[in-house]
Protein chains: 2
Amino acid sequence: MDEAGFITALRHLATAREARGLADDCAVSGKMVVTHDMMVAGVHFREDADPADVAWKLIAANLSDLAAKGAQPKGVLLGYMLGGAAWDDRFVAGLRDALQGMNVALWGGDTVRGSTHGQRSFGLTAIGEAVHLPVPSRSGARPGDTLWVTGEIGAAMLGFEGNSAASIARFNRPVPRTTEGLALAPLVTAMMDVSDGLLLDAQRMAEASGVCIAIDSPAVPMPAAMPPDRRGDAMRWGDDYELLLTLPAGISPPVEATRIGTVEARGAAPLLVDGAIPDNGKALGYQH
Amino acid sequence: MDEAGFITALRHLATAREARGLADDCAVSGKMVVTHDMMVAGVHFREDADPADVAWKLIAANLSDLAAKGAQPKGVLLGYMLGGAAWDDRFVAGLRDALQGMNVALWGGDTVRGSTHGQRSFGLTAIGEAVHLPVPSRSGARPGDTLWVTGEIGAAMLGFEGNSAASIARFNRPVPRTTEGLALAPLVTAMMDVSDGLLLDAQRMAEASGVCIAIDSPAVPMPAAMPPDRRGDAMRWGDDYELLLTLPAGISPPVEATRIGTVEARGAAPLLVDGAIPDNGKALGYQH
């Protein structure tokens with residue numbers, strides 16, 4: 001059984017309505033929205049990362065999932081593997097910044113010692129309350145809808161590459177689109193966050209909705225510093241934590257967002273970029 | 001900053017009512033009860049353990065925390081680090097057993113790859129709904145209350161040591177006291193699960209309640225196979241997942257439980273065993 005087989009096996013177990021077939025960002029029970037992410041040293045963050053930024057990102061990534069459901073963050077539970085005095089001290093500093101900066105409470109969790117060898121890992125569970133029912137899903141996009149994205153795509157890629165202080169900050173300390181998600185939730189037909197790359201996440205939305213999503217790549221908003229020859233890479237890069245959403249034709253988003261495409265009936269492919277099926281030899285995003 | 005310092009720092013951040021000062025088994029928000037535990041290979045389970053038992057115990061340990069709050073389990077979110085086809089396959093088998101056996105739904109989670117070296121770890125978040133408000137805590141024990149425990153203490157120790165098939169099953173596949181917790185919640189003054197050792201957990205309850213708990217050690221129920229000279233060790237051994245609770249004088253538990261002591265005003269120590277302060281040279285339980 002490989003990773004895909006494992007996830008298929010989990011899907012067979014996750015038959016409750018709240019699980020949404022494990023095909024959404026969060027579990028949803030009434031107005032309660034819950035998500036859990038793990039981060040592993042050397043896989044999800046660099047071993048030499050500032051622990052304060054690791055703490056920030058652990059919270060931000062989960063709150064971004066809540067934002068995509070239009071949920072107000074309430075509390076987080078932290079699974080923490082101790083890493084030595086200096087590391088732990090910086091982690092707490094970043095945790096404090098994140099809880100204050102993102103207005104969410106630390107509710108609990110678990111602190112464990114790791115064994116002496118090997119990688120460290122962390123888990124975070126975030127719990128929020130949806131402002132609108134039904135809670136948006138990935139699966140509601142319909143032919144004729146318009147496709148939108150908040151903010152800019154590619155800032156995290158530039159930041160990872162050390163491009164500028166502003167983009168490094170965007171990479172290290174992404175800010176979840178909580179306010180935007182709350183305002184958009186009553187209007188969208190589908191919504192998710194762009195954490196693994198615009199193209200990959202758009203394809204996931206198209207698969208969940210049984211439609212084709214057609215992206216107009218010149219319309220994708222990017223930082224002014226983005227070199228023209230890197231725009232294709234930026235659409236396949238993760239960590240931007242923007243919101244990707246579809247709206248019925250004629251409805252404008254009540255927050256700053258850019259129209260980047262349309263939803264069509266499913267034809268030959270779930271995803272088209274400038275009218276063509278994207279190059280399959282290249283990953284559409286970051287799969288982990 | 002050492003581990004105690006880290007937890008103190010977290011307590012300073014966890015000021016929300018729901019966090020209960022990080023001194024309880026769970027976070028509580030209205031009737032919603034949430035808990036999160038991590039398990040690390042080589043620390044919380046043996047590297048050669050059957051992965052199916054690891055899955056079972058991950059769920060059972062968290063549902064035991066919910067039981068101590070009188071909460072009906074609703075859903076779990078799993079943080080899973082892939083471990084290769086054979087391991088993952090056995091883990092899924094144990095997960096299936098656990099979800100069915102404990103009547104709880106898989107709501108979601110996250111699957112990650114670890115790096116090639118080093119330990120694997122897992123996280124589990126369990127969400128339940130309390131049947132009684134206020135939700136029981138560790139801090140409500142009052143002088144004059146009686147002290148009770150469900151089931152038997154020490155079966156897990158015998159199982160770890162390979163004592164008998166029955167005790168090995170108790171160690172590998174503990175069953176959370178969900179039914180008992182639901183029935184007890186409206187009556188208890190304090191309740192918690194015994195996961196780290198009877199003496200350690202009783203001392204924690206006494207500390208949280210600002211009282212002294214006096215245990216009558218010959219009254220502590222143990223398996224018939226327990227050698228008399230191991231009774232002291234058994235009271236310091238974890239993994240039993242029984243419920244420890246206090247009741248007002250004159251109230252009997254509505255489920256099978258054994259009276260093992262009384263609650264007194266805080267004197268010289270938070271814990272007395274047969275009238276004496278326990279030997280400080282020996283750990284009271286398993287601290288991790």
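By convention in this document, chain letters (A, B, ...) are assigned in the order of the sequence lines, proteins followed by strands, and residues within each chain are numbered from 1.
- Between His36(B) and His36(A), the ring planes are tilted. Angles from 30° to 60° get that label.
- Contacts with chain B were tallied for Ala19(A), Gly109(A), Gly75(A); Ala19(A) has the most, counting heavy-atom pairs under 4.5 Å.
- The greatest number of non-hydrogen atom pairs below 4.5 Å with chain A, out of Gly5(B), Gly79(B), Ala16(B), Ala105(B), is found for Gly79(B).
- Contact count versus chain A (heavy atoms, under 4.5 Å) is highest, among Asp24(B), Leu22(B), Asp37(B), for Asp37(B).
- Only the side chain of Met32(B) has a heavy atom closer than 4.5 Å to any heavy atom of chain A.
- Across all their heavy atoms, Ala9(A) and Val92(B) have their closest contact at CB-CG1, 3.9 Å.
- With a 4.5 angstrom heavy-atom cutoff, Ile7(B) touches chain A only via side-chain atoms.
- Across all their heavy atoms, Arg113(B) and Val40(A) have their closest contact at O-CG2, 4.0 Å.
- Expressed to the nearest 0.5 Å, how far CD1 of Ile127(A) lies from CD of Glu18(B) amounts to 9.5 Å.
- With chain A as the partner, the residue from Asp2(B), Leu95(B), Leu10(B), Leu77(B) showing the most heavy-atom pairs under 4.5 Å is Leu77(B).
- Heavy atoms of other residues, nucleotides or ligands lying less than 6.0 angstrom from CZ of Arg11(B) number more than 12.
- Asp110(A) and Met38(B) get closest at one heavy-atom pair: OD2-N, 2.8 Å.
- Distance OG/Ser121(A) to CZ/Arg120(B): 10.5 Å, rounded to 0.5 Å.
- In this structure, chain A has a heavy atom under 4.5 Å from the backbone of Thr35(B), while its side chain stays farther away.
- Using bins of under 30°, 30° to 60° and over 60° for the plane-to-plane angle, the ring pair Phe6(B)/Phe91(A) lands in the tilted bin.
- Smallest separation of non-hydrogen atoms from Trp107(A) and Ala27(B): O-CB, 3.5 Å.
- For a residue to count as touching a neighbouring chain, one of its non-hydrogen atoms must lie under 4.5 Å from one of that chain's; by this rule Val28(B) does not touch chain A.
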